[in-house]
Protein chains: 2
Amino acid sequence: MEQVTLKSIASELGISITTASKALKNYPDVSPKTRKAVIDLARKLNYIPNSFAVNLRTKESKVIGLIIPEIVHYFFSNVVNAIIEYAEKKGYLIITLQSNESDKLEEKQIELLLNKRVDGILISLSNNRKDLSPIHKIVESGTPLVLFDKISKLINCSKVIINDRDAAYAATEHLINTGCKDIAHFRGPLNPQNSIDRFLGYKKALEDSKLHFDKSLVYTCEKVSFEEGYNFAKELHQSNKKVDAIFAITDLVAIGAITYFNEANVKIPEDISIIGFSNWFMASVISPSLSSVDQPGYEMGKKAIKLLLKEIKAIKKGKKIKHKTIVLPTNVIKRSSTRD
Amino acid sequence: MEQVTLKSIASELGISITTASKALKNYPDVSPKTRKAVIDLARKLNYIPNSFAVNLRTKESKVIGLIIPEIVHYFFSNVVNAIIEYAEKKGYLIITLQSNESDKLEEKQIELLLNKRVDGILISLSNNRKDLSPIHKIVESGTPLVLFDKISKLINCSKVIINDRDAAYAATEHLINTGCKDIAHFRGPLNPQNSIDRFLGYKKALEDSKLHFDKSLVYTCEKVSFEEGYNFAKELHQSNKKVDAIFAITDLVAIGAITYFNEANVKIPEDISIIGFSNWFMASVISPSLSSVDQPGYEMGKKAIKLLLKEIKAIKKGKKIKHKTIVLPTNVIKRSSTRD
DNA sequence: CTGAAAGCGCTTACAG
DNA sequence: CTGAAAGCGCTTACAG
């Protein structure tokens with residue numbers, strides 16, 4: 001397959017490479033006749049500019065790197081969906097990588113993306129991220145970075161998040177308002193900020209309503225999995241603890257719990273109310289349908305890529321950029337797993 | 001941010017760019033002393049080879065393009081997961097695009113990927129793909145291509161698929177074996193091959209069991225959505241048709257039907273059996289749990305990328321490649337939505 | 001309006 | 001063991 005290059009077009013027309021290049025790029029200083037000849041021939045030969053050469057010259061790849069914990073995940077796949085879609089409209093392509101919640105992998109992937117000279121990077125941090133130096137390195141390299149959902153406040157970059165504490169507060173409040181008094185929490189791992197914030201929101205809601213906070217009603221889901229939800233529900237049920245509600249870190253955990261209670265013939269929400277977090281599609285179709293906190297994945301992805309492209313543009317123009325933190329609203333979706 | 005280049009390393013050490021390059025690339029004809037000096041300095045300065053220049057020289061991008069109908073989709077997100085993971089291990093990155101089942105968008109995306117000079121392309125075709133010329137164009141461009149799941153037999157490339165006809169046959173047979181006689185089918189759109197094949201498998205199973213095939217029991221889901229499953233179930237229920245089972249094109253459609261029947265107090269599987277297709281995670285957690293055909297998304301993604309990378313390698317070595325079609329096994333997962 | 005030339009940063013065949 | 005040179009394919013400042 002003989003590649004069509006500017007050189008071959010120029011030589012076929014007996015003009016210089018310079019002129020051929022200008023004709024195709026709508027430079028004003030080319031005669032209409034020459035321009036037409038070049039454009040026609042380019043079309044006829046199906047000329048495609050060599051993007052490698054363009055990248056090398058312009059120092060732009062028109063590619064954005066994206067790292068998320070996992071893609072087989074309702075929330076994150078929605079985020080990715082929005083990012084790919086919006087970026088494409090603006091002429092950017094997305095390279096996606098999954099950290100699998102491994103900080104080591106995440107570091108390698110950051111390295112990969114920097115080596116690839118992507119024009120910008122979007123990350124939702126893995127749960128195990130403690131050492132922030134690899135993230136700082138991105139900023140130091142001059143590559144625009146936007147963190148979303150699972151972020152660190154210590155990084156000097158733009159961020160898109162929800163207010164996990166307020167959202168968890170609202171979820172717990174809903175349980176309290178519907179008459180629950182002994183509310184358990186299936187929390188996430190101890191390290192990630194959003195897991196901490198959801199726990200704090202839960203605790204605060206109890207305190208504000210003068211309900212007793214009972215440490216023994218808090219279970220930690222290391223993997224935030226269906227199985228953990230199932231098993232903790234079982235453990236809770238088989239213990240003698242008095243409990244009339246559960247606030248789960250995520251819908252998947254909540255659904256694990258629902259599955260157990262359905263099997264054990266514990267009535268939801270009569271015997272126990274359950275509320276999840278994220279409002280996955282699944283929440284609306286299981287029985288009973290699951291009350292949840294709507295976490296706008298699509299919106300979050302869109303805001304994040306929008307912000308990133310804006311910063312890339314600003315930097316290109318040599319403008320100073322001011323980092324922003326966008327906080328998206330959430331709201332409690334009431335369904336059948338909690339009382340009226 | 002002053003970029004560290006071979007040039008800057010060479011000049012700092014007072015050697016030529018050539019030698020610096022060779023030292024870093026483990027060419028044998030460099031003295032150990034020089035090699036060490038170069039490597040040490042490169043590490044100290046945190047040298048990253050400019051991938052744009054490398055791409056231009058090697059004519060390789062080490063990037064693979066992937067087009068799927070949508071990413072917020074259990075099956076496809078599993079495919080993407082496998083592809084990203086395997087590619088990364090082999091030194092390739094993945095650019096993902098979504099056609100949203102639009103053939104026009106799909107064509108633009110193919111164009112984008114070819115312009116980007118990706119080293120290979122993976123596609124699961126959109127339902128509306130009738131004109132195959134954009135796909136042929138990929139093959140003609142010399143870019144290795146592997147089609148998976150939603151393919152066209154008319155394209156001269158490797159493919160990874162399941163046998164949709166046999167799988168649908170097995171699903172329908174399961175309904176028949178458990179005593180169902182009047183089996184409806186919520187089929188997919190008329191164009192895509194896998195939707196046709198599933199319909200044919202369903203029909204063949206009826207015929208082989210001497211059951212009457214009733215055209216009026218076949219409903220076409222244009223969008224393969226939850227709503228269609230729900231609405232067709234309602235339509236079916238409110239008609240006077242005699243029906244004791246439904247084979248749905250996909251779990252999402254099946255779950256729509258289940259949701260309707262649950263609301264309408266129609267007992268599953270006593271009054272009506274339901275079997276889906278794809279074995280989404282959701283199938284195991286709804287009530288009743290949904291029998292389904294396991295469609296191995298992860299395996300399919302892995303085989304597809306593996307095949308593609310193999311062909312890329314072969315072409316690089318100037319070897320002739322023989323296209324393969326891999327057919328992955330499926331099996332019926334029996335759960336509570338069908339009888340024992 | 002046109003084109004020679006420099007340069008982006010690398011790789012590699014070739015000469016010494 | 002070392003390096004000058006050509007070249008990948010483009011863009012653009014500059015001269016005419």
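Every chain is numbered from 1 and lettered A, B, ... according to where its sequence line falls, protein lines coming before strand lines.
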In residues 28-49 of chain A, which residues come under 4.0 Å of DNA chain D by heavy atom?
->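 Heavy-atom contacts with DNA chain D come from Y47(A), P49(A).
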
List in numerical order all residues of residues 50-60 of chain B for which some heavy atom is under 4.0 Å away from an atom belonging to DNA chain D.
->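 Output list: L56(B), R57(B), K59(B).
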
Walk along DNA chain D from 5' to 3' and tell me the first and last nucleotide with an atom closer than 4.0 Å to a non-hydrogen atom of chain B.
->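 Terminal contacting nucleotides, 5' to 3': dC1(D) to dG9(D).
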
NZ/NE/NH1/NH2 to OD/OE distance under 4.0 Å, K22(B) and D29(B) =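 Yes.
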
Should the pair E107(A)-R129(A) be classified as a salt bridge under the 4.0 Å nitrogen-to-oxygen rule?
->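 Between R129(A) and E107(A) there is a salt bridge, with a charged N closer than 4.0 Å to a carboxylate O.
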
Quick one: list whatever passes side chain to side chain donor-acceptor pair (under 3.5 Å) with [X], sequence neighbours left out.
| X | answer |
| --- | --- |
| S51(A) | none |
| Y298(A) | E85(A) |
| S77(B) | none |
| S102(B) | none |

So what does the secondary structure string of DNA chain C come out as, 5' to 3', with Watson-Crick or wobble pairs under 3.5 angstrom, [ ] for crossing and | for pairs with another strand?
-> |||.||||||||.|||

Students often get this wrong, so: under 4.0 angstrom with heavy atoms, is [X] touching a base, only sugar-phosphate, or nothing?
| X | result |
| --- | --- |
| T19(B) | base |
| K25(A) | sugar-phosphate |
| T18(A) | base |

List for me each residue that meets ring-ring contact (aromatic ring centres under 6.0 Å, His included) alongside F148(B), sequence neighbours excluded, and say none if there are none.
->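 Here no residue qualifies.
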
Which pairs pass ring pair (Phe, Tyr, Trp, His ring centres under 6.0 Å) with one or both residues in residues 49-73 of chain B, sequence neighbours excluded?
->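 Found H73(B)-F76(B), H73(B)-W280(B).
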
Which residue pairs pass the ring pair (Phe, Tyr, Trp, His ring centres under 6.0 Å) test when at least one of the two sits in residues 81-139 of chain A, sequence neighbours left out?
->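 Those involving residues 81-139 of chain A do not exist here.
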
Between the side chains of D131(B) and S133(B), does any donor sit under 3.5 Å from an acceptor?
->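 S133(B) and D131(B) do have a side-chain donor-acceptor pair below 3.5 Å.
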
Return yes if a side-chain donor-acceptor contact under 3.5 Å exists between Q109(A) and E88(B), otherwise no.
->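 Side chains of Q109(A) and E88(B): pair found under 3.5 Å.
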
Can you run down the salt bridge (charged side-chain N to carboxylate O under 4.0 Å, His left out) pairs that involve residues 108-118 of chain B, sequence neighbours left out, and say none if there aren't any?
->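 Listed once each, the pairs are E111(B)-K137(B).
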
P144(A) backbone acceptor or donor facing E311(A) side chain under 3.5 Å |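 Checking the backbone N and O of P144(A) against the side chain of E311(A), no donor-acceptor pair under 3.5 Å is found.
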
